[in-house]
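Just so we're clear, the structure is a prediction, and the values are computed from it rather than from any experiment. Below, chains carry the letters A, B, ... as their sequence lines are ordered, and counting in each starts from 1.
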Amino acid sequence: GIQVEQSPPDLILQEGANSTLRCNFSDSVNNLQWFHQNPWGQLINLFYIPSGTKQNGRLSATTVATERYSLLYISSSQTTDSGVYFCAVDRKYNFNKFYFGSGTKLNVKP
Amino acid sequence: GAVVSQHPSRVICKSGTSVKIECRSLDFQATTMFWYRQFPKQSLMLMATSNEGSKATYEQGVEKDKFLINHASLTLSTLTVTSAHPEDSSFYICSARDLFRLTSEGGEQFFGPGTRLTVL
């Protein structure tokens, strides 16, 4: 299968700080998504970003497919940003199997 | 748009009973839905791919007779945990892709809110 590594595994921030989460993957991919899992377990779609850069409010993401990594930027963090952030990818030519990273647990303190 | 619902959100059952979990795409159609399992403080693992009108495809190590999947329509897939045991206690999440927003590479997946199963 494909290996998906996320870093850091844990992150503690003071409210208002900025952060960068990283996702490395071991093979060529078709699709890459970033999710935020809230305390109730719901996965919230943040970005669908197989390549390029996207921005949505305080969040932005960049995927460099040729170098097999993606970055999620969180600016001016808020306590509601707390939770676990996952990236997930599927392999080229087998897009029906989604591989999740182990996640980054973010705790934003007031 | 692209909302996926699951029912029930939480279920507690006795060991040996069967539990059915429904996954519905509310505002789109999906020929393929996916079932995941997540243990506490762990990541999501794909259990099976549910195909409308045909048999599900199970991942290695997932017992197909234990986890019965039925994809009866373009908006509904069900997962039945048969003869549940405490080790089946977990968080089960489904996902789907919008049939009319598919690309040659698949497209974005949308996830349900999950079902927390506790087997006593």
Side-chain angles (χ1 to χ4, degrees), chain A residues 1-7 9-10 21 23-25 27-52 54 56 61 63 65 70 83-107, chain B residues 1-6 8-10 21 23 30-52 54 56-62 71 90-98 101-118:
Chain A
I2 189 169
Q3 306 301 314
V4 184
E5 296 180 354
Q6 289 186 243
S7 60
D10 294 279
L21 282 58
C23 173
N24 292 335
F25 42 95
D27 204 348
S28 298
V29 300
N30 283 324
N31 300 291
L32 186 146
Q33 290 183 239
W34 282 97
F35 301 92
H36 176 210
Q37 188 168 38
N38 66 21
W40 297 272
Q42 170 80 61
L43 281 172
I44 310 298
N45 286 32
L46 296 178
F47 293 102
Y48 169 64
I49 187 166
S51 63
K54 290 185 177 179
N56 184 3
T63 297
S70 183
V84 182
Y85 289 80
F86 289 105
C87 74
V89 303
D90 56 27
R91 294 181 76 174
K92 224 167 176 55
Y93 311 121
N94 186 14
F95 55 79
N96 270 345
K97 183 161 184 176
F98 227 23
Y99 295 84
F100 277 79
S102 53
T104 291
K105 185 175 181 181
L106 174 64
N107 184 5
Chain B
V3 178
V4 177
S5 72
Q6 278 184 245
S9 58
R10 183 182 296 267
I21 303 170
C23 175
T31 53
T32 304
M33 292 183 173
F34 307 90
W35 287 96
Y36 295 82
R37 186 173 180 175
Q38 185 181 30
F39 290 108
K41 301 188 187 303
Q42 294 188 23
S43 188
L44 282 76
M45 293 294 293
L46 180 66
M47 297 175 64
T49 302
S50 169
N51 305 298
E52 188 265 339
S54 65
T57 305
Y58 290 84
E59 294 301 303
Q60 193 171 8
V62 177
H71 195 148
S90 188
F91 192 55
Y92 293 87
I93 309 174
C94 70
S95 73
R97 286 191 170 108
D98 186 338
R101 289 160 64 172
L102 293 179
T103 67
S104 59
E105 293 83 23
E108 188 173 3
Q109 285 201 32
F110 300 94
F111 283 76
T115 297
R116 195 165 302 279
L117 170 64
T118 303

A:Asp10: what forms a salt bridge (charged side-chain N to carboxylate O under 4.0 Å, His left out) with it, not counting sequence neighbours?
-> none
Sequence neighbours excluded, which residues qualify as salt bridge (charged side-chain N to carboxylate O under 4.0 Å, His left out) partners of B:Glu59?
-> A:Lys97
Is there a side-chain contact between B:Arg97 and A:Asn31, using heavy atoms and a 4.5 Å cut-off?
->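 In short, these two side chains touch, coming nearer than 4.5 Å.
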Positive for ring pair (Phe, Tyr, Trp, His ring centres under 6.0 Å) with B:Tyr36, one of A:Phe86, A:Tyr99, A:Phe100, A:Phe98 |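 With B:Tyr36 as partner, A:Phe86, A:Tyr99, A:Phe100, A:Phe98 yield a single ring pair (Phe, Tyr, Trp, His ring centres under 6.0 Å), made by A:Phe100.
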With only heavy atoms counted, which part of B:Phe111 is less than 4.5 Å from chain A, the side chain, the backbone, both or neither?
-> both
Chain A contact via B:Leu46 - which portion, at a heavy-atom distance below 4.5 Å =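 Contact with chain A is through the side chain of B:Leu46 alone.
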Can you tell me how far CZ of B:Phe91 sits from CH2 of A:Trp40, rounded to the nearest 0.5 angstrom?
-> 12.0 Å
Indicate the atoms forming the closest heavy-atom contact of A:Gln42 with B:Gly112, along with that distance.
->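 Here A:Gln42 and B:Gly112 meet closest at NE2-O, 3.5 Å.
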For the student: nearest non-hydrogen atoms of B:Ser43 and A:Gly101, plus distance |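 Residues B:Ser43 and A:Gly101, closest heavy atoms: OG-O, 2.6 Å.
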Option in B:Gln38, B:Gln42, B:Arg116 with maximal non-hydrogen atom pairs under 4.5 Å from chain A | B:Gln38
Check whether any side-chain N or O of A:Asn45 sits under 3.5 Å from a backbone N or O of B:Gln109 as a donor-acceptor pair, and report yes or no.
->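 Flag set: sc A:Asn45 to bb B:Gln109 pair under 3.5 Å.
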